[in-house]
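All chains are named by letter (A, B, ...) in the order of the sequence lines, taking the proteins before the strands, and each is independently numbered beginning at 1.
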2 protein chains.
Amino acid sequence: MSDFAPTEARLDVTRRKYPAFPRAPAVLVRLIKHIYKEIHDQANAVMRPHGLNHAEYNILMMLYGAPDNTLTPSELAGAAGEKSANVTRLTTELCEMGYIARAGSEGDRRKVALSLTPEGLELIDHFLPDIVTLLHRQTRHLSAAEQAQLETLLKKMLTGFGE
Amino acid sequence: MSDFAPTEARLDVTRRKYPAFPRAPAVLVRLIKHIYKEIHDQANAVMRPHGLNHAEYNILMMLYGAPDNTLTPSELAGAAGEKSANVTRLTTELCEMGYIARAGSEGDRRKVALSLTPEGLELIDHFLPDIVTLLHRQTRHLSAAEQAQLETLLKKMLTGFGE
DNA sequence: AGTATATTATTCATTTCTGAATTATCAATG
DNA sequence: CATTGATAATTCAGAAATGAATAATATACT
């Protein structure tokens with residue numbers, strides 16, 4: 001599942017037909033796609049026994065990391081990398097499950113405050129060990145130095161992605 | 001759209017509450033998620049005028065890079081990182097659009113051969129300039145050396161991801 | 001104050017994806 | 001050659017995500 005050689009071979013074929021196709025950027029994009037899909041699938045598998053999926057896990061963790069365990073839907077969208085329409089759906093479901101609560105914001109009445117409930121916090125404590133294991137597994141081939149280096153490079157890549 | 005500082009802040013909060021949460025792996029995973037989502041959105045936007053989405057683009061490019069412009073559905077699933085059920089749907093649609101063709105495989109009658117049609121090849125030639133531009137834009141902050149380094153590290157991360 | 005512009009969140013129809021069967025073929029073994 | 005177990009592709013129902021439109025509130029400007 002992790003043999004990247006065929007991808008390289010395909011890229012060579014592509015470049016023979018279309019020499020302007022930039023090898024390194026294309027490899028990077030394909031690698032990131034493959035890694036993301038694995039991360040996504042594995043997170044889904046780990047979270048399933050807890051009754052959640054990857055997206056819901058992310059929403060909860062963004063709130064867990066927020067001051068006061070509270071964010072607005074649009075902050076949550078940015079933090080979790082979800083479209084706002086999707087955040088509405090996900091948070092509505094999480095509300096129904098009792099893990100987060102919705103409240104109007106006093107300062108700006110357009111805004112909505114989404115907060116973890118005690119049940120949500122309890123759930124997080126319950127699944128975090130599995131996630132920690134998963135994170136270690138997903139990075140186990142990289143030394144601490146390599147992780148730091150990779151972090152630097154990915155941040156650089158992300159810089160100004162939207163312009 | 002590319003300010004990663006809030007993510008780091010959230011991670012610090014998380015680690016104060018739950019010290020075992022591994023900082024570097026979590027950052028890497030979140031970075032990859034963010035970059036992938038950007039890549040996905042931008043590819044969707046670029047391909048839309050051509051009547052395709054990111055997934056369909058990928059399917060076509062995997063065939064473009066294959067010997068004889070032909071792959072089986074399961075090869076395609078591995079190459080494009082899509083679930084096989086999804087490959088069936090995507091390729092059926094691409095067949096209906098006339099960009100690829102389905103044929104039974106002679107050697108093994110369980111297999112199906114999916115090939116680019118001349119129309120498919122023509123379409124690819126037509127959209128590739130836009131994709132090349134996009135790929136350069138997405139990696140423009142990285143030097144050639146950095147791209148090579150990043151490639152090495154991502155490959156290392158991907159190694160044995162599935163075990 | 002009144003009007004135009006921007007932001008926030010949601011809704012809705014549609015598209016896209018997933019996981020769990022199901023069907024068909026192949027390969028190996030007794 | 002009959003049976004068992006793997007592999008390939010598809011189907012299907014349900015889940016998840018998207019883009020475009022809407023409603024409500026806020027901000028800036030004249």
Please indicate whether B:Lys156 has more than 12 foreign heavy atoms, meaning atoms of other residues, nucleotides or ligands, lying under 6.0 Å from its NZ.
-> no
Can you tell me how far C1' of C:dT8 sits from CZ of A:Arg102, to the nearest Å?
-> 13 Å
Return the set of residues passing side-chain contact (heavy atoms from CB on, under 4.5 Å) with A:Thr88 (not counting sequence neighbours), or none when no residue passes.
-> A:Thr92, A:Arg102
Euclidean distance, atom NZ of residue A:Lys111 to atom P of C:dA6 [Å, nearest integer] = 18 Å
B:Lys83: partners by salt bridge (charged side-chain N to carboxylate O under 4.0 Å, His left out), with sequence neighbours left out | A:Asp41
When you match A:Gly81 and B:Val112 each to their closest nucleotide on DNA chain D, which lands nearer the 5' end?
-> B:Val112
Of B:Leu71, B:Ile59, B:Val112, which meets side chain to side chain contact (heavy atoms under 4.5 Å, CB included) against B:Thr91?
-> B:Ile59
Students should find that the end-to-end axis angle of the helix from C:dA1-D:dT30 to C:dG30-D:dC1, with five pairs defining each axis and rounding to 10 degrees, is 20°
Mind checking whether A:Leu121 and A:Met97 sit in one hydrophobic cluster, side chains of I, L, V, M, F, W, Y counted as touching below 4.5 Å?
-> yes
Sequence neighbours left out, what passes salt bridge (charged side-chain N to carboxylate O under 4.0 Å, His left out) with A:Arg23? Give chain and number order.
-> A:Glu8, B:Glu151
Hits for side-chain contact (heavy atoms from CB on, under 4.5 Å) against A:Val132, two or more places apart or cross-chain, chain-then-number order -> A:His136, B:Tyr18, B:Phe21, B:Pro22
Residue list, ring pair (Phe, Tyr, Trp, His ring centres under 6.0 Å) with B:His40, at least two apart or on another chain = B:Tyr36, B:His54
If you pin B:Asp108 and B:Asn53 to their nearest nucleotides in DNA chain C, which one's is more 5'?
-> B:Asn53
Could you list the residues that satisfy side-chain contact (heavy atoms from CB on, under 4.5 Å) with A:Thr117, not counting sequence neighbours?
-> A:Ala101, A:Glu119
Would you grab the first and last nucleotide of DNA chain D (5' to 3') that comes under 4.0 Å of any non-hydrogen atom in chain A?
-> D:dA16 to D:dA26
Ordered by number, residues from residues 62-76 of chain B within less than 4.0 Å of DNA chain C (heavy atoms) are none
Does atom NZ of A:Lys37 have more than 12 heavy-atom neighbours from other groups under 6.0 Å away?
-> yes
State whether the side chain of B:Thr159 and the backbone N or O of B:Lys155 hold a donor-acceptor pair below 3.5 Å, judged by distance alone.
-> yes
With B:Asp108, which residues qualify under salt bridge (charged side-chain N to carboxylate O under 4.0 Å, His left out), at least two apart?
-> B:Arg110
Any pair counted as ring pair (Phe, Tyr, Trp, His ring centres under 6.0 Å), so long as it reaches residues 57-108 of chain A, sequence neighbours left out | A:Tyr57-A:Phe127
I'd like a list of close polar pairs between nucleotides 19-24 of chain C and the protein, N/O only, cut-off under 3.5 Å.
residue: C:dG19; atom: OP1; partner: A:Arg48; partner atom: NH2; Å: 3.2

